[in-house]
Q: 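Structure in structure tokens, see below.
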Amino acid sequence: MLARHNGHRMTDPIATLTKLLEPIFSEMNGGDPADPVVRPSDRADAQINGALALAKKVGANPRDLAESVTESAALTDVASSLEVAGPGFINVEFSQPFLESLLAEVANDDRLGVAAATDLKTVVIDYSAPNVAKEMHVGHLRSTVIGDSLVRMMECLGHQVIRENHIGDWGRPFGMLIEHLLDLGEDVASSGLSQGDLDSFYKEANAKFAESETFQERARQRVVLLQGGDEETLVLWRRLVDMSNAYFNSVYSTLGVLLTDDDLAGESRYQPLMEGVYQRLDDAGLLSEDDGAMVVYPDGFKNRDGDPLPMIAKSRTGAFMYATSDLACVVDRVERLGADLMLYVVGSPQANHLEMVFSVCAKAGWLVEPTEAVHVGFGNVLGADGKMMRSRAGDSVKLADLLDEAIERAEAAIAEKNPELAADQRAKVAEMVGIGALKYFDLSTDRIKDYQFDWDRMLAFEGSTGPYLQYAHARICSVFRRADIERASVRQVPIALIEPQERALALRLLAYPTAITASLGTYAPHKLCTYVYELASDFSSFYQECPILKSKEPVRSSRLALADLTARVLAHSLGLLGIAAPEEM
RNA sequence: GCCCACGUAGCUCAGUCGGAUAGAGCGGGGACCUCCUAAGUCCUAGGCCGUCGGUUCGAUUCCGGCCGUGGGCGCCA
């Protein structure tokens, strides 16, 4: 009765039901596969909807088909009740021993029922991408946090993940930045940058560039030296990059993301590759001259006059453009790294640009199925006024300030709600809660949409928030502390599903693997967020209605085991979102 | 002008491959702590799923038109 998948027993009852039904539906469809369409239901544990679609296809009565499903013996081991309803829906109630055996399996599994993917891939994920000598802002928050979660989910399913942080470490602005660095003197500049005062450094350089023609000239000369590989200039450039990286790393550390120096893959890395890529475009006969520039015309793109829209490979002045750099990047990822899948966690405004890049790569034969490049786009962070979030001065908000404020606000809330927590413990928890709240708030809405930033809702301890999820986890840990029982000691204890809240919680726990694959299916972390919230919510109902420690054995142990398993899934799923699960808060 | 995304309760958002009565949180009204953290739970009110058509047994979901909002549309990245 038990389907196996990649060495793992399939522990999602819905998926198991689907597997058991497939032969029956196939048979009713004259031997061709037909989807049984099994879904969770609010009228039963699950509903089978496939009879309706199939009935239309084979010209049968849907209720008759449904009846023949309920009369077959295939589901006797898993279902305690099958009922045809309405035009041909089948309501399913899972049998208690079936659910209990699945639960025992999951409790005994370090992976909590999550099987590795069957088609393991090499996945390159491009995310974060701050600019050297500039502040990180809210836009980088989204890319960094979404990318980090996708990395964790992909790795969890066994894919080989290569993180790439495509930092802005090359280009024309570096002429003025290096000249400004020289003006300041290295000591001043390095201490300023190490404090994260990148904003003023960049702005000062920019202001000088705007005001002084001599400075402009110096900057231009410096760009020529930089691109020519002048040693002294490269040393200065390197210094700027290193100082910025140290700053980025401090932000990543506070944010708790996986990025390290090993993941750096800045624009500068692709400079030496662009000439070769350009030659290959030429050899393939894809280049045309237009108004002095060398361009490629990807199919299906038009400009505002309705004429074909070119992707510029080399400018009129003979310089390579960012599009060429992105082409080199794809080539490198496919040919050197062996990428099967490339994810670009980049804001929605770049959609058109990336489509053109991917299209040119396909045309040039560098991006051929099944190799795939996907733009994982995301919307803006908006302020309370519904417009792009800005500081009071009208600038973009510094990410570092945002993180600090999140932690401060969390600490204040914890001090108020749980004054008994020791101060050093409180500081640790405040970081987990503040950063977790910020990440959850960002991850929990559909990434493609803009979202409205709101401290009060983010850090509220009620509703679909990070703190609420963490609280559910902390409560479970607290139960075990109070009873002085090792969590691991209850993992072999059979779980009995008696009360409706226990049953609902069990069904949710068993749906965990499906929640991950669904979330990753569209690179949408918010789907996993929804799952974790529902899990925490189901636990809270259970906790309210089903006393744990006050119950008599064997109920007490069974509930402890259920609580332990819930805490494990909570911690694991929060982990996939990059959110910590404190044991106390 | 063309292209892309979005439009769901007062507010903020979910809604799986087309399924039965469209869900949650906040806010509103009410109930529950001598009891494992009330940072919680339960009940309740609140909807023309932007709009008009199409596809079909069935559309918030798929297709087309329109309206609204945001973004993009060649030598910055």
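Sequence lines set the chain letters: A, B, ... in the order given, protein chains first and strands last, and positions in each chain run from 1.
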Q: With sugar-phosphate meaning primed atoms plus P, OP1 and OP2, does A:Pro173 contact a base, only sugar-phosphate, or nothing at under 4.0 Å between heavy atoms?
A: nothing
Q: Taking atom P in both B:C26 and B:G68, compute the distance separating them and give it to the nearest angstrom.
A: 36 Å
Q: Could you check whether any side-chain heavy atom of A:Leu287 comes within less than 4.5 Å of a side-chain heavy atom of A:Tyr278, counting everything from C-beta outward?
A: yes
Q: So, using side chain to side chain donor-acceptor pair (under 3.5 Å) as the criterion, who are the partners of A:Glu545 when residues are at least two apart?
A: none
Q: Does the side chain of A:Ser348 get closer than 4.0 angstrom to OP1 or OP2 of B:C4 through an N or O atom?
A: no
Q: How would you label the contact of A:Ala474 with the nucleic acid (heavy atoms, under 4.0 Å): base, sugar-phosphate, or nothing?
A: base
Q: With rounding to whole Å, what would you report as the distance between B:C49 and B:C11 at their P atoms?
A: 16 Å
Q: From the set B:A39, B:U41, B:A24, return the single nucleotide nearest to any side-chain atom of A:Tyr533.
A: B:A24
Q: A:Phe89: what forms a ring-ring contact (aromatic ring centres under 6.0 Å, His included) with it, not counting sequence neighbours?
A: none
Q: Between A:Val37 and A:Gly168, which has a closest nucleotide on RNA chain B that is more 5'?
A: A:Val37
Q: Expressed as a whole number of Å, how far does the C1' atom of B:C6 sit from that of B:C76?
A: 28 Å
Q: Would you say A:Lys134 reaches B:A77's phosphate, i.e. side-chain N/O to OP1/OP2 under 4.0 Å?
A: no
Q: Polar atoms only, N or O, under 3.5 Å: list the protein pairs with nucleotides 73-75 of chain B and their distances.
A:
| residue | atom | partner | partner atom | Å |
| --- | --- | --- | --- | --- |
| B:G74 | N1 | A:Asp290 | OD2 | 2.8 |
| B:G74 | N2 | A:Asp290 | OD2 | 2.5 |
| B:C75 | O2 | A:Arg316 | N | 2.7 |
| B:C75 | N4 | A:Asp291 | O | 3.0 |
| B:C75 | N4 | A:Asp291 | OD2 | 3.0 |
| B:C75 | N4 | A:Arg316 | NH2 | 3.3 |

Q: Can you pull out every side chain to side chain donor-acceptor pair (under 3.5 Å) where at least one residue sits in residues 289-301 of chain A? Sequence neighbours excluded, please.
A: A:Asp290-A:Tyr297, A:Asp299-A:Lys363
Q: Side-chain N or O of A:Arg475 less than 4.0 angstrom from OP1 or OP2 on B:A38?
A: yes
Q: In whole Å, what separates the C1' atom of B:C63 from that of B:G40?
A: 47 Å
Q: Measure distances between side-chain N and O atoms of A:Arg39 and base N and O atoms of B:C17, and say whether any donor-acceptor pair falls under 3.5 Å.
A: yes
Q: Does RNA chain B take part in any stems of at least 3 consecutive Watson-Crick or G-U pairs (both distances under 3.5 Å), and if so, which ones?
A: B:1-7 with B:67-73, B:10-13 with B:23-26, B:28-32 with B:40-44, B:50-54 with B:62-66
Q: If the C1' atom of B:G28 is compared with that of B:C67, how far apart are they to the nearest Å?
A: 32 Å
Q: For B:G40, does either OP1 or OP2 sit under 4.0 Å from a side-chain N or O belonging to A:Lys417?
A: no
Q: Can you check the distance between B:G27 and B:C73, where both ends of the measurement are the C1' atom (answer in whole Å)?
A: 42 Å
Q: If a pair satisfies salt bridge (charged side-chain N to carboxylate O under 4.0 Å, His left out) and one of its residues is in residues 516-527 of chain A, list it, with sequence neighbours excluded.
A: none
Q: Is any side-chain N of the basic residue among A:Arg503 and A:Asp45 closer than 4.0 Å to the acidic one's carboxylate O?
A: yes
Q: Under the salt bridge (charged side-chain N to carboxylate O under 4.0 Å, His left out) rule, what pairs show up with a residue in residues 438-450 of chain A, not counting sequence neighbours?
A: A:Arg142-A:Asp442
Q: Quick one: CG on A:Asn29 to CG on A:Asp35, what's the gap to the nearest 0.5 Å?
A: 11.0 Å
Q: Specify the residue among A:Asp35 and A:Glu355 whose closest nucleotide of RNA chain B lies further upstream toward the 5′ end.
A: A:Glu355
Q: With the side chain of A:Tyr451 defined as its heavy atoms from C-beta on, choose the nearest nucleotide among B:C17, B:A14, B:C13.
A: B:C13
Q: Using side-chain contact (heavy atoms from CB on, under 4.5 Å) as the criterion, list what pairs up with A:Glu416, not counting sequence neighbours.
A: none
Q: Picking from B:C36, B:U41, B:C35, which would you name as closest to the side chain of A:Lys550?
A: B:C35
Q: Within the 4.0 Å heavy-atom criterion, would you say A:Ser478 contacts the bases, only the backbone, or no part of the nucleic acid?
A: base
Q: If we take the C1' atom in both B:A22 and B:C48, what is their distance in whole Å?
A: 13 Å
Q: Who are the side chain to side chain donor-acceptor pair (under 3.5 Å) partners of A:Ser41, not counting sequence neighbours?
A: A:Gln47
Q: For B:C42, take OP1 and OP2 only and decide whether either is under 4.0 Å from a side-chain N or O of A:Tyr543.
A: no
Q: What pairs with A:Tyr523 under ring-ring contact (aromatic ring centres under 6.0 Å, His included), at least two apart in sequence or on another chain?
A: none
Q: Checking A:Tyr202 now: which residues fulfil ring-ring contact (aromatic ring centres under 6.0 Å, His included) with it, not counting sequence neighbours?
A: none
Q: Going 5' to 3' along nucleotides 26-32 of chain B, which nucleotides have protein heavy atoms under 4.0 Å from the base (write B), which only from the sugar-phosphate (write S), and which from neither (write -)?
A: S------
Q: Tell me, yes or no, whether the heavy-atom count around A:Glu486 atom CD, taken from other residues, nucleotides or ligands under 6.0 Å, exceeds 12.
A: no
Q: Between B:G46 and B:G7, how far apart are the two P atoms, rounded to whole Å?
A: 25 Å
